[in-house]
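Contents: one structure, followed by commentary.
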Amino acid sequence: MAVESKLRPHDILRLLQQGRRGELLSSQSIWLCLTCETCTARCPNECDPARIIDALREIAWNEGLADPPRKIEAFHRSFLNQIRRSGRIFEFGLVAGYKMRSGALFSDVLSVPGMLSRGKLALAPVRITRIKEIRRIFDTCLESAPHDSSSPEDSGADTHETDGKGTVHPASATIEEESSGNGRQGSPPLDGASNNGERRNS
Amino acid sequence: MRVGYFPGCSLHATSREYAESVLAMTGALGVELFEIEDWACCGATSAHATNHLLGVALPARTLALAAEQGHEQVLAPCAACFNRLAAARHELRKDPKIARAVENATGRPIQTNVNVLSIVKLLQDLKATIREKTVRPLKGLKAACYYGCLLARPKELTDLDDVEMPSSMEDVVKATGATPVAWNRRLDCCGGGFSLSRTSSVVRLSRTILEDARDAGADLLVVACPMCHSNLDFRQKAIAKRAEDPTTLPILFLSQVVGLALGEGPLELGLDRHFVTTEKITSCLPEIEEQKNVTTGEADQ
Ligand code: SF4
């Protein structure tokens, strides 16, 4: 993805060394990383940009500094909401949530007729039996993330997920809503980033 | 051989044919798959990119369920699920702090003894059996084996023979009688999870992969990941619009290739569910050499 990113893996490491926190956390580049692990596998200095980028995304996300391309953010939010709600990804639901958030209402997305005729779309969502365990996992993990006080929510339409009939499902309240609560008092985020990231050097 | 089975979300929907072919083929090889009861999504990129702990805790629960249900190993045919399950196991083993946090989140004891298997590794270990049970050798078929990112990397998680120069998939393909071709883009990324959210990147990345495989003279491209499949198969039409060479390249799952060699029918293996027609492959399949008894695994719940 380097050709599409302003910051390539080595640029990100350089900014990190220079402590240019704001620039890094608000960059779109960190959201364009596909975690393909190529940079990590081939770094001659045993750095681990893929883990570092994950850590930067998490910090940016929690601190409300994240500025991902709208569609990518929409995808992540819809995806996580879907897991929280059902325990599994149900593609129809994922796509509905994604379209609403991204505004990509007319994109081909899953080419529904083609997918249907090939038997590739499940028509009813499956909810796992012990969904409470999944909710608990989400709640615990989000609670332990530092609280984001200035969350840059996208449109209001994003705050609740509806079923297309305008009904608001309380169970599907979005991630960020759930995360409001007390936060872990962490080390300064950049330190956190390098601790999480450079597993080989620690 | 009894193995726990983690299908993951894609195999229950958009990659149904992957599940169908995995079940048919493992049955024929004498591997019994048992789907892990009440498994949940591994969290994929969206979890690990936004909340590290969540990205470990979701697959950790699955590992705990697998252990509880008596499995020593779990097969994750989706390369991305494989990566997340293996990453969780790795982190739980090396980082007690994460392990404690995960235990607290899942409310289940930490289990790190369950071995996570990729389909490539499972089949590589069974290549002698594949050779033995092949009744329809795929002679003359030239296959480009595509690993993508998550089967071969990172090096502490992969179960293949080499990070930069793997030959595991080629080994399996050879056992079916087909010929692997030498090509350059085996380990490149297809665009992975950007299929919906940044299709332009997928088109750009996948195109170079398809072109390189074609240039190497491949009749088909073999994958072991539902995302790679969807990007290279479903998106091939969009890719071709702008590519110079419009020749289509059938994209087959490794399990479909092995299944064909073992004598399974194209329909049982879901070859009709692809967007790019697989006729080129099925029309030149040799006759089945001898009759054999196909035992289907009782893997579904
Ligand atoms: S893992 Fe590294 S090489 Fe791969 S997309 Fe991310 S930054 Fe680029």
Side-chain angles (χ1 to χ4, degrees), chain A residues 1 3-4 31-38 40-42 48 50 54-55 57-58 61-62 69 71-72 74-77 79-80 82-83 87-91 95 98 102 104 107 109-111 114-115 118-122 126 128-130 133-134 136-138 140-142 144-145 175 196 199, chain B residues 8-10 12-17 37-41 43-55 57-58 61 83 94-95 101 104-108 148-150 152-155 163-164 187-189 191-194 196-201 204-205 234 238 270 272-275:
Chain A
M1 289 299 290
V3 298
E4 294 178 37
W31 297 96
L32 296 183
C33 165
L34 279 157
T35 323
C36 77
E37 303 277 350
T38 310
T40 296
R42 296 186 184 163
D48 191 348
D54 256 359
R57 291 193 275 223
E58 179 168 351
W61 188 267
N62 289 333
K71 288 180 173 180
I72 293 178
F75 181 81
H76 288 322
R77 289 197 193 280
F79 197 92
L80 292 173
Q82 187 66 230
I83 304 176
R88 294 183 191 167
I89 294 298
F90 164 56
E91 275 130 335
V95 167
Y98 167 75
S102 67
S107 67
V109 193
L110 280 180
S111 163
M115 290 282 175
R118 287 168 177 79
K120 280 171 169 279
L121 279 187
V126 176
I128 68 167
T129 317
R130 280 161 289 185
E133 288 184 32
I134 304 302
R136 172 187 164 144
I137 290 175
F138 268 84
T140 321
C141 292
L142 295 171
S144 66
I175 311 299
N196 286 338
R199 60 185 161 187
Chain B
C9 305
S10 302
H12 270 206
T14 44
S15 292
R16 262 178 76 173
E17 71 271 30
E37 273 168 54
D38 213 38
W39 60 268
C41 174
T45 309
S46 298
H48 77 71
T50 57
N51 189 304
H52 182 73
L53 189 56
L54 184 63
L58 286 170
R61 174 180 176 272
N83 170 269
K94 74 164 193 143
D95 190 340
N104 178 36
T106 59
R108 289 176 172 276
C149 315
L150 298 175
R153 293 185 292 267
K155 68 168 183 269
V163 186
E164 293 288 351
L187 295 161
D188 283 15
C189 177
F194 281 174
L196 296 189
S197 54
R198 205 172 165 93
T199 314
S200 59
S201 305
R204 179 179 63 80
L205 292 164
F234 170 49
D272 57 322
R273 297 193 195 277
H274 294 187
F275 282 84

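Residue numbering restarts at 1 for every chain, and letters A, B, ... go by the order of the sequence lines.
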Side-chain touch A:Arg118/B:Glu17, heavy atoms, less than 4.5 angstrom: no

Among B:Leu187, B:Asp95, B:Asn104, B:Val163, single out the residue with the greatest number of heavy-atom pairs under 4.5 Å to chain A. B:Asn104

Would a 4.5 Å heavy-atom cut-off, applied to side chains only, mark B:His12 and A:Val126 as touching? no

Quick check on the interface: out of B:Gly43, B:Gly192, B:Gly270, who has the most heavy-atom pairs with chain A under 4.5 Å? B:Gly43

Note, B:Leu205 side chain near A:Leu34 side chain (heavy atom, < 4.5 Å): yes

CH2/A:Trp31 to OG/B:Ser197 distance, rounded to the nearest 0.5 angstrom? 11.5 Å

With a 4.5 angstrom heavy-atom cut-off, which part of B:Leu150 approaches chain A: side chain, backbone, both or neither? side chain

Do the side chains of B:Trp39 and A:Arg88 get nearer than 4.5 Å, heavy atoms only? yes

Any side-chain to backbone donor/acceptor pair from B:Arg204 onto A:Met1? Under 3.5 Å, distance only. no

What I'd like to find out is whether the side chain of B:Arg61 reaches to under 4.5 Å of the side chain of A:Arg136, using heavy atoms alone. no

Looking at side-chain heavy atoms only, is the closest gap between B:Arg198 and A:Leu32 below 4.5 Å? yes

Under a 4.5 Å heavy-atom cut-off, does chain B meet the side chain of A:Ile83, its backbone, both or neither? side chain

Check: B:Asn51 and A:Leu80 side chains under 4.5 Å, non-hydrogen atoms: no

If you tally heavy-atom pairs under 4.5 Å against chain A, which of B:Gly55, B:Gly191, B:Ser10, B:Gly8 wins? B:Gly191

For A:Cys36 and B:Arg153, the nearest pair of non-hydrogen atoms, with its separation, is O-NE, 2.8 Å

Kindly give the heavy-atom pair with the smallest separation between B:Ala105 and A:Cys141, and that separation in Å. CB-SG, 4.2 Å

Compare every heavy atom of B:Leu53 with every heavy atom of A:Ser144, then report the nearest pair and how far apart it is. OG-CD2, 3.5 Å

Rounded distance [0.5 Å steps], CD in B:Glu164 versus OG1 in A:Thr38: 8.5 Å

Looking only at heavy atoms, what is the nearest atom pair of A:Cys33 and B:Phe194, with distance? O-CZ, 4.4 Å

Quick check on the interface: out of B:Ala101, B:Ala49, B:Ala152, B:Gly193, who has the most heavy-atom pairs with chain A under 4.5 Å? B:Ala49

Shortest non-hydrogen contact from B:Asp38 toward A:Thr129: OD1-N, 2.6 Å

Straight-line distance of B:Cys41 SG to A:Ile134 CD1, nearest 0.5 Å: 9.0 Å

Locate the shortest heavy-atom distance separating B:Ser46 from A:His76; write the atom from each residue and the value. OG-ND1, 2.7 Å

